[in-house]
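Here is the structure we will look at, set down as structure tokens.
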Amino acid sequence: MSDFSEELVRSKTEDEQEESCMFSGTGMSFPWLQKHIETVATGGKKEKDFAQTTSACLSFIQEALLKHQWQQAAEYMHSYFQILEDSDSYKRQAAPEISLQHALYLLHHGMFEDANRNLSHAETWRYGEKSASQEVLINLIQAYKGLLQYYTWSKNKMELSRLDKEDYAYNTAFQNMLNHSGKMSVNLCTLIQTPGVWDPFVKSYVEMLEFYGDRDEAREVLTNYAYDEKFPSNPNAHIYLYNFLKREKAPREKLISVLKILYQIVPSHKLMLEFHRLLRKSDKEDHRKLALEVLFGVLDFAGCTKNITAWKYLAKYLRQTLMENHLAWVQEEWNSRKNWWPGFHFSFFWAKTNWKEDKALACEKALVAGILLGKGCRYFRYISKQDDQVIKKKIKRIKKSVKKYSIANPGL
Amino acid sequence: MPMPFRARGLPPGHGHRASCSPLSPLLPGPLQPPPAKGLYYRRARQVGALDASPAADLKKEILVNVGGRRYVLPWSTLDDFPLSRLSKLRLCRNHEEISQLCDDYDEDNQEFFFDRSPSAFGMIVSFLAAGRLALLRGTCVLSFREELAYWGIEEAHLEKCCLRELLRKLEELAELRQQETLHLRQEARRPSGDPSRWGVFMHWLRETVENPHSGLPGKVFACLSILFVATTAVSLCVSTMPDLRAEEDKNGVPRLATGLLWEPETPGPLPLLPPGPDPWDPGVTAQDLLFRGGFSFRRKPQAVLDVTEQLSRFLWDHGDIAFAPLGKLMLENFKLEGAGSRSKKKTVVSVKRLLQDLGGHQPWGCPWAFLSFRQRRFSILGGPVLGKSVASLLGELLHEELAMRWEQLLLDDAFTGGALAWVPGKTPQVGQLVYPAGGALDKLYFQEVNLTPDGDPQALGDPGHIQLRGPVRQVVTCTVQGESLLAVRSDYHCALWKVSKQGHPAPLQVLQVGKGASGISLSPHLPGELAVCSRSGAVCLWTPQDGLQQVYKDPETLVFWDPSPWRWADFTAHPRVLTVGDRTGVKMIDTKGPPGCGLLLFRGGAEASCQKGERVLLTQYLGKCGPEPLLPTVHLICTQFSLYLVDERLPLVPMLKWDHGLPSAPLWAQLQPPPRPGHPQPLLLGGQGGHLQLLHLAGEGASVPRLAGPPQSLPSSSDSLSAFPLLEPRSQWRLQERLKAPTIGLAATIPSSASEPVLSLFQLSAAGDVFYQRLRLQAEPRHHSRAPTASWTPQATACCSRWLKTLLEVPPTPPVWAAPTFSNRCLLTQVEPSKVEQKVPEGLRAAMAEGRLLQQRDLGSLPSVEPPPAPEPGPENELSARLEAAWEGQVAAWWEKQQGRSSGPRKPPKRHKRRTQLSNTFSSLSGRLDLSDATSPPHSPDRTSSEARPQPLVTPPSQELTQELWAQGVPSERQQTLRDYMAKLPVQGDAPGEVSSSLSQTATPSWQQTLQGGATQLPPRRNPPRGAALPSSQTSSFQATPSRQQTPVLSGSQRHRKKPRMGF
């Protein structure tokens, strides 16, 4: 049997790598290349050796799965598993990955204990030289174990909250929890040090640290997760840090500096409105300017065009800014947008649609359009011409504001 | 066994004898009672690998090496299995046949090598020896069956008990697995405890696992491999069984929606429109391009371009192009220099005779083609000269072309994005299909289609069309703020139309792309905005307000070096940020920001755990679909192996990776809006080979996309072969080819209707056919595990029959000439000689009776054939003029004219023969020399008479010519000839001031030609130019420079030019 499997591996590696690179010259590999060569080699006849039959078997499985023919797929699978049963070195090295995937499946279906057992097996699996990729995988397996421990821990925590402090059971439960948390921190720590996106692990680790009052450690973990250069840029890291600092009641300056980075990464995030509020309240001039920039930034994005809060903030803040005689700020923002915002936000189509769908939104937008584009703008004209009893007063107020603050023709 | 040996097939050197005689079946072996012990050993035995030459009598026995294990089998053993592969070896007569049967053959040891499983062969050997075919423990059924087929042994030989055992084992295992899962499930139910708390935790954990953004690391998603899909699916197949499902539902754990299925209404797509009038030719295949044959190829097949074969085919098919100009330059006789030892008689070849011998055209592969001794001598003598120039020039070009074709065959990225689009109309049921058709795909058709909720889509009326100037590669449509826009990409042009509500296109803009456009996309945010990327690496944004502006330019690839010039651009959630993709990665660029900066969105490499050689084939922004996209920040990236979903807020780490396993390049993707609110969105992925896959994408707003159900593969057009009536083989083959034509476009739509949603899917094939299929959403979980199989309705088969009838009315492309395989003798006797015998049929009969080729002399005077059209005239110089004249077959007249001009009234010298030396040709090619007749007097009227006889050369002294210049690169043995030739040239002139450069710097010489040719039009061919018809030749000079870049054209040089045949 081992002969078979080695054949399988050899043919796979040789055929795919050497050939594809050899003649195409581009270094690109083509999964369908083998088929072309086969038709040439056999002149259309089907002639398969062992390695090809196994790969054919695999493709049968795949096909059956994709056509939702489960029964047939299972039959093929049995044939295929027989080949894998006493597999060679190549397959054995892949065993932890398979275990991990199986464990994930079990988790998905709520079978925690099985998953835990599976992960323990995978963790202790050793075969051959430990490669770098395998190391990450082992870390991941440990981290998932840690996650499961977190699950038990937080179940304990919940029980604990129901128990009386004087109760005898309280102590044992507490001990139990400590036990789990110790194991958990060991399991999670190594993974969190490795660069990557580890949101759930970091989140649960920080929750545990916070529970035991280890705020410094928690802050360090989060700061490291957010600011370490080696980690991929991850908006969630900054969100976690911001939420942590907010819970800690950190000074506003600190919060602003965290959100500034988030603003650089995801200017369309919903925290940006909170950021705007923070900046608006700030005394610093440049923060106030940034507050305007943030609002414009949010509304640049296609997903945020109907965000009524953002439009409300913008209308209000534009008025405020112009009242404070910071026309230059507005113009700076507007200049880069004036050739596409009219078509993007203030087109006739949107005027009609917005009015039909959401009158409040239409009013806010009309005010902004009036300020930025002047009275002649189609959006403003359409909304102001509407004859609606309920918001008649509002429209009148808008018209007044536009007349007063419009930047379109400052001379008039 | 005492049997007579008889030499069979193999050549004597091989010494293989077989014990098979005509008598052998009559002399049954087992009649002789052999000793019980060692009987089977005699019938087959294994020998050690170290035995270099095993003690085997190779005349009686065969030595085979299967996967490293060597066996010696007497030939007699194989007598009982005449159909087996080993027995067939005996019948082999030569190496070629042996190599058909085995992987290698060692002549020294007379050992046959087979690259097969040794253990399986062990079982087969024991069967051959002992007659019992039993399975060893731990053998895979499937592979063993294959092995049996390979060795040519029937399955029926398998022992009954073994067969039964196997079947039983299979069933047992299936049962066992079922029970196991059942057990696991029951265990899992136990710790459920308090349902509310359970629910809270379950919810949280499920969120973490399912939601990579707030939850599962991208790395794990990146680990999703086929194995995972397989493992999951096996469990899924169990979980769909009715009894288990009931329990699971009680469990309260929401599952992956296994019942989620878009069920095809027919087993395959159906043709929507009648086939076009143009026949379709599949073009080159791998068989045409790749080298095949040879031992090494069979052992390890590789793709090697077969340039030799193609070159020889080219020389046969287009010999006129390859040889004619050069050959005609040589005129009637020529001497082949450099063969000093040979006598004159042997080196001077008469072309006239040679042409007689050829007697016209001898097609490729003709069994009666023959070579005369003259031809043979010519090919031997002229080989080094002709072969070199042809092979070096043509071979290189041909190799380049073949390499390009091969790359195109592997991946044709011209149609990335797809050339089929659905433009919605006034009502959701009616819309327009926009697609290119016609043989060259240069007509853009607008076909109105009505999608009835229950019936098949109907084409309404005849399609309107727009004729374009190039093949359409991509058709994109987008509806922004109520405006439908249509963009079309051709190779070098892009065009934009606005489609009115009535469906009439109004052109907005045409853009020209110098280096060739590789992709276009329409902005989903602002009406009329268009991103175009060119093969030079530039990305341009066209907006109605600002026009065209280049927003990005980088000829290099993003992540690592890759030779492909393919580029792609698309939009993002921010209307002023674009993605730019190439084969190595995808980058986001801000069009407002400074040039060159940007953020990598996807990198082909470790972050996405890409395979070696994995390249990006398609990137697409998924926020396009619908006015309010559910996934506003997600981009789809397809490689030849996998599909990635990347969120632009979290670049470089894919949210989802899935091995699509498509056997062809995935170049089309279509995300459709959810059929019902809250339902997963169908994402269609189409491969070039017509393969289609459907994924169910769930996740909206801030949450991340995930697969909501098991992916589906949809039927492709080759699956609908069964709907067509049976045909005779030739038409059947034609139909198959047509259905197998590569797909070049994909469009889909879900018309919103009150009843259950139906997905209409259209596919455009390279043959210009539009196929459709309808998929019905099966949202209810099914209780049976087998997918229901759709069957053909009578309407469908009727539709196919109609289509087929139209298809077969189109005349097929004429087949390529092939060598005849019939005998002409019966034809000869059958045909009665008619009374009125003409010369042609007579000659034909005579040739047939003799069994030789029909030659021109048999037919007498035939109407002369048109020579192939002359190539477009290049820059003007003497060489090209001369080559052109040679092409037209009038080099003699040209030469005379040339001489007449240069020599004027001078006396012709006596040396007549030297004029037509082959070396003349080469000296004029290799040396840099100036021919000038500036000093020559105006030509005299006696030139008209001189053209009748060969115009002799004059021999003025040409000492001004520096030898260094022309002697470079001329072989030493030819230099004497060259010198002689030079001696005959007229005195060098300076050609002062006559160069009219205004006419010479021409990108389109053919145009120049007509402008001038109007006045100096020559008489038609075969009328040699008269002196009277040549105006202004006196006033001009003539200069010939072999360097092509700066070739001054003189007005006078037009006079001997023929009317150009190409380029008008």
Side-chain angles (χ1 to χ4, degrees), chain A residues 1 3-4 19-20 23-24 26-32 36-37 39-41 48-50 53 57 61-62 65-71 73-74 77-79 82-83 98 101-102 105 107-111 114 196-200 232 234-235 266 300-303 336 339-340 343-344 347 349, chain B residues 115-119 138 140-143 146 173 184 188 202 208-209 214-215 217-219 227-228 230-234 237 240 253 261 286-287 290 292 301-303 407 410 481-482 525-526 545 563-564 573-575 592 613 615 632 640 649-650 652-653 661 663-664 711-713 785-787:
Chain A
M1 262 329 259
D3 292 342
F4 284 12
E19 274 158 25
S20 55
F23 50 87
S24 70
T26 58
M28 188 164 171
S29 71
F30 297 98
W32 47 88
H36 276 304
I37 295 179
T39 56
V40 175
K48 288 190 165 147
D49 66 5
F50 179 73
T53 60
C57 186
I61 297 172
Q62 210 175 355
L65 286 176
L66 286 170
K67 292 199 170 149
H68 291 215
Q69 295 160 340
W70 308 122
Q71 198 90 50
M77 205 64 191
H78 284 308
S79 312
Q82 280 179 326
I83 289 158
I98 299 168
Q101 282 166 353
H102 188 208
Y105 170 77
L107 278 181
H108 204 279
H109 285 250
M111 295 178 265
D114 293 307
V197 181
W198 314 119
D199 292 351
N234 182 358
V266 188
D300 273 349
F301 282 87
S336 63
N339 58 351
W340 61 278
F344 184 53
S347 66
F349 173 85
Chain B
D115 202 4
R116 304 294 294 190
S117 155
S119 44
C140 170
V141 201
L142 204 79
S143 66
E146 284 284 340
L173 265 168
L184 281 174
M202 268 320 298
T208 16
V209 173
S214 71
K219 287 244 170 198
L227 269 168
F228 179 42
T231 349
T232 320
V234 165
C237 83
T240 40
V253 183
L261 176 73
Q287 268 109 323
L290 295 189
R292 52 195 187 278
Q302 285 175 354
E407 257 164 48
L410 282 177
Q481 300 189 5
H525 311 299
L526 283 156
Q545 298 90 29
S564 170
H574 192 294
K592 295 180 299 178
R615 298 286 186 274
Q640 64 269 49
R649 294 172 297 185
L650 187 55
L652 292 175
V653 185
S664 57
Q712 251 180 279
S713 101
S785 56
R786 200 172 284 275

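Side-chain atoms are counted along with the backbone in the values below, which use heavy atoms only and exclude waters and symmetry mates. Lettering follows sequence order; numbering is per chain, from 1.
- Among B:Gln481, B:Gln712, B:His574, the residue making the largest number of heavy-atom pairs under 4.5 Å with chain A is B:Gln481.
- Among the candidates B:Ala573, B:Gly482, B:Gly613, the residue making the largest number of heavy-atom pairs closer than 4.5 Å to chain A is B:Gly613.
- Closest approach of A:Ser336 to B:Lys592, counting heavy atoms only: O-CD, 3.8 Å.
- No side-chain heavy atom of A:Pro232 sits under 4.5 Å from any side-chain heavy atom of B:Leu652.
- Residues satisfying the side chain to side chain donor-acceptor pair (under 3.5 Å) test with B:Gln545, not counting sequence neighbours, are none.
- A:Phe301 CZ to B:Arg649 CZ: the interatomic distance, rounded to the nearest 0.5 Å, is 10.0 Å.
- Taking all atoms of both residues into account, the shortest heavy-atom contact from A:Phe344 to B:His525 is CE1-CB, 3.5 Å.
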